[in-house]
Amino acid sequence: MEIKLFNSLTNQLETFVPLRPGKVSIYVCGPTVYNDPHIGNLRPVVVFDVLRRLFIHESYQVTFVSNFTDVDDKIINRAVAENTDESALAVRYIREFNKVSAAVNSLPPTFSPRVTKYIPEIIRYIEDLVANGAAYVVDGDVFFRVSSISDYGELSKINIDDLISGARVEENAKKESSLDFVLWKKTDIGISWDSRWSRGRPGWHTECCAMINSLFPDGQIDIHGGGFDLKFPHHENEIAQSKAHNGNKIARYWMHNGYITFGEDKMSKSIGNVILAKDAIKKYDGNIVRLVLLGTYYRSPLSFSPDVMDAAAIEYGRIQNAISQLAVVLQLADISLIPFEKPDIEPFLSHLANDLNTPNAITELFAIIKKANGVLRQKPLDYRLIKKLLIEALAMLELLGLKVSYPLLNVEDKELYASYMRLKSDKNFAESDRLRQILMTKHII
RNA sequence: GGUUCCUUAGCCAAGUGGUAAGGCAAUUGACUGCAACUCAAUGAUCGUCGGUUCAACUCCGAUAGGAACCUCCA
């Protein structure tokens with residue numbers, strides 16, 4: 001199936017064509033690990049996981065990379081404040097991030113590189129840039145020379161002159177131009193490494209370049225993803241460095257997910273209106289959080305509120321309930337749950353393939369659920385149809401990454417169910433209600 | 001100051017130049033021994049004002065309101 005993606009670089013919907021046939025490389029900018037992740041951090045985790053699942057379904061061999069930024073001022077400051085070291089702090093929040101990612105059923109990345117493990121690669125990358133004139137050294141700091149490349153601003157669509165005139169940035173006297181950004185920062189505070197320029201640490205923008213350059217041929221990938229806020233300056237600067245270093249734009253397709261808002265405001269650590277991922281998952285459920293995150297087109301802002309969560313909880317319950325009933329009915333009739341044919345989920349897939357339109361895809365899922373609930377009430381049960389619907393629904397849920405469970409009945413369960421039905425038709429309601437309670441506890445009805 | 005984007009029923013949220021998906025809530029029915037589950041029906045002319053067009057929510061312009069980026073941030 002043809003997969004169309006909205007490319008932020010061209011601002012157009014484009015048909016996906018891989019760099020290498022049958023393979024897809026996806027790199028998603030991961031978190032700076034200085035704090036508990038909030039639900040906004042989870043949006044790219046879920047969105048790009050669905051993209052990955054779509055590619056897997058379409059028989060691509062997917063390499064999925066998401067990094068951890070474990071060198072950063074915030075980490076250093078926090079480590080100092082907590083009287084611990086950066087590494088311990090980073091490890092703690094990496095673990096926390098992995099935990100909530102797993103809780104929303106996102107597949108673990110193929111690679112999860114950490115900046116601290118790529119220092120030699122980063123230094124080498126910067127050395128290359130200095131060597132070819134794209135970077136310059138001033139007093140132990142290294143800056144990227146934006147004027148050395150063409151079309152700076154092509155991703156964020158920012159006009160360089162406007163950027164310079166409208167800059168709120170405090171001018172750094174060391175830089176040749178206010179557009180130039182730091183690649184290596186001389187420092188005597190916090191974690192640092194030796195380089196030929198100074199003892200210091202890398203700037204933020206080089207890590208992704210160095211990692212991608214190390215992990216992929218020609219330092220080029222198919223899809224680079226992340227939040228909208230990374231477009232500028234982070235991704236713009238990645239493109240700039242890669243142009244200077246490898247002569248390419250690092251990625252063919254750039255995808256940016258929208259923010260999660262709370263009320264009208266962006267949910268942000270600096271505003272302090274965040275809902276932590278672990279709290280949302282604890283209060284509701286990873287599946288429900290995931291359903292909320294997929295209920296809105298990934299490029300649109302998503303408003304998060306208790307109302308939205310409650311609605312999703314009900315929706316998820318309905319999905320779960322229908323799946324469970326379908327599976328039980330089949331088992332009571334001793335029909336295998338193993339698929340007899342490939343599920344036909346064409347409309348669902350085409351919605352996903354249309355730039356990951358998960359809201360419309362979910363609508364297809366609801367259509368199946370509604371149909372199933374009707375079929376389950378028909379008098380002579382149409383087992384073939386029931387099985388077909390179950391298999392289709394499960395295939396959709398797998399692509400969305402939503403987990404549902406259904407009971408597996410043993411002989412005892414089936415006998416219990418039969419007794420329940422017999423007592424009920426005998427109008428022995430006292431006893432049938434007792435069995436019903438047991439069956440309900442086992443989630444069989 | 002510069003740039004980009006958004007505005008669809010009570011809430012969430014898709015969408016196409018030809019008279020608006022879906023979900024939650026609500027109301028009314030149906031099913032039912034009771035309950036749970038479930039099903040059906042009912043609601044918006046798409047911020048406002050103009051323009052283009054045979055036809056616009058969907059294109060263009062203006063206006064109001066909101067948001068984001070330009071500084072660490074998914």
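Keep in mind that the numbers below use all heavy atoms, side chains included, and drop hydrogens, waters and symmetry copies. Chain naming here is simple, since letters A, B, ... match the order of the sequence lines and numbering starts at 1 in each. Treat the numbers as computed from the prediction; the structure is a model and nothing was measured.
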Looking at [N], I'd like to know if its phosphate oxygens (OP1 or OP2) sit under 4.0 Å from a side-chain N or O belonging to [X].
| X | N | result |
| --- | --- | --- |
| A:Ser303 | B:rC11 | no |
| A:Asn257 | B:rA74 | no |
| A:Arg318 | B:rU38 | yes |

Upstream residue (5' side of RNA chain B) when A:Lys371 and A:Thr363 are each assigned their closest nucleotide: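 The residue whose closest nucleotide sits nearer the 5' end is A:Thr363.
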Residue whose closest nucleotide on RNA chain B lies nearer the 5' end, A:Val308 versus A:Trp204: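 Going by which nucleotide is closer to the 5' end, it is A:Val308.
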Whole angstrom value for the distance that separates P of B:rU38 from CD of A:Glu315: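 Rounded to the whole Å, the gap is 12 Å.
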Check: A:Asp180/A:Tyr136 side-chain N/O donor and acceptor closer than 3.5 Å: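 Yes, side-chain donor-acceptor contact under 3.5 Å.
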Distance-only donor-acceptor check, side chains A:Tyr93 and A:Arg78, under 3.5 Å: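 Yes, a side-chain donor-acceptor pair sits under 3.5 Å.
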Output field: ring centroids A:Phe181/A:His205 closer than 6.0 Å: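 Ring centres of A:His205 and A:Phe181 closer than 6.0 Å.
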Under-3.5 Å donor-acceptor pair between A:Arg436 side chain and B:rA36 base: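 No.
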Polar pair under 3.5 Å, donor/acceptor by atom type, side chain A:Asn357, base B:rG15: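 Looking at the base of B:rG15, it does not pair with any donor or acceptor on the side chain of A:Asn357 (distance under 3.5 Å).
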Mind checking [X] for me? I need base, sugar-phosphate or nothing, with any heavy atom below 4.0 Å counting as a touch.
| X | result |
| --- | --- |
| A:Phe429 | base |
| A:Gly374 | nothing |
| A:Gly225 | nothing |
| A:Tyr297 | sugar-phosphate |
| A:Asn360 | base |
| A:Lys370 | sugar-phosphate |

Nearest listed nucleotide, side chain of A:Pro44, among B:rA74, B:rC11, B:rG22: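 Selected nucleotide (nearest to the side chain): B:rA74.
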A:Lys186, A:Lys174, A:Arg201 screened by salt bridge (charged side-chain N to carboxylate O under 4.0 Å, His left out) with A:Asp141, the one that passes: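 Of the listed residues A:Lys186, A:Lys174, A:Arg201, the salt bridge (charged side-chain N to carboxylate O under 4.0 Å, His left out) partner of A:Asp141 is A:Lys174.
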